[in-house]
Structures are given as structure tokens and as C-alpha cells.
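Starting from 1, each residue takes its place in the sequence as its number. Quick caveat, the model's predicted, so the values are computed rather than measured.
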Amino acid sequence: MIDSKIIIIIFLLILVTIQGTLIFRDAVKKSIPNPWIWGIIGLMNIPSSTIIYLIYRKLYLKKKRS
């Protein structure tokens, strides 16, 4: 039987990988500088990386329009 801790770790690794990929793809699409760095930051932890990226993206796009 697979231990429940292993299942949780695998699930979290999948979530972090998806998050990093989505942040990277969005940064490329929105022409945010250094999309690779944002993708790597997205691989570090689950909720706060996305929150920080979304705040930065909003400020960057607002500044770019002005």
C-alpha cells in the first residue's frame, strides 16, 4: 500500500509544476520581463508565488500603459 505522505508529496509536486508552467506561459504571453525567472519562482511554493506574480503583472501592465 502506498503511504499517504507519498501521495500528498506527489500531488503537491504536480500542483507546483502546473503553477510554474502557467505563470511562465502567462508571462510570455503578456510580455513580462524575465518569464523564466517567474516560472522558477512559481516552482517554489503554491499560493504565494501566484499572488506575488499577479500583483507584479498588474503593476507592470498599468505602468506600461502610462
Worksheet item: Leu22: what forms a side chain to side chain contact (heavy atoms under 4.5 Å, CB included) with it, not counting sequence neighbours?
Response: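 Leu22 satisfies side chain to side chain contact (heavy atoms under 4.5 Å, CB included) with Ile18 once adjacent residues are dropped.
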Worksheet item: Excluding sequence neighbours, so at least two apart, what forms side chain to side chain contact (heavy atoms under 4.5 Å, CB included) with Ile6?
Response: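 Here the qualifying residues are Ile2, Asp3, Ile10.
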Practice prompt. Check step by step if side-chain contact (heavy atoms from CB on, under 4.5 Å) holds for Asn45 and Val16.
Written response: CA-CA 7 Å; Asn45 52 28; Val16 169; over 6 Å; no
In Å, rounded to the nearest 0.5 Å, how long is the span from [atom1] of [X] to [atom2] of [Y]?
X: Tyr53; Y: Lys30; atom1: OH; atom2: NZ; value: 8.0 Å
X: Thr21; Y: Asp26; atom1: OG1; atom2: CG; value: 12.5 Å
X: Ile40; Y: Ser49; atom1: CD1; atom2: OG; value: 11.5 Å
X: Ile23; Y: Ile52; atom1: CD1; atom2: CD1; value: 9.5 Å

Item to complete: Find out whether Ser31 and Lys64 are in side-chain contact, i.e. whether some heavy atom of one side chain is under 4.5 Å from a heavy atom of the other.
Response: yes
Check the hydrophobic clustering (I, L, V, M, F, W, Y; side-chain heavy atoms under 4.5 Å; chains of links allowed) and say if [X] and [Y] are grouped together.
X: Ile46; Y: Phe11; answer: yes
X: Val28; Y: Leu54; answer: no
X: Tyr60; Y: Ile37; answer: yes
X: Ile51; Y: Leu15; answer: no

Worksheet entry | Phe24 ring center near Trp38 ring center (under 6.0 Å) | no
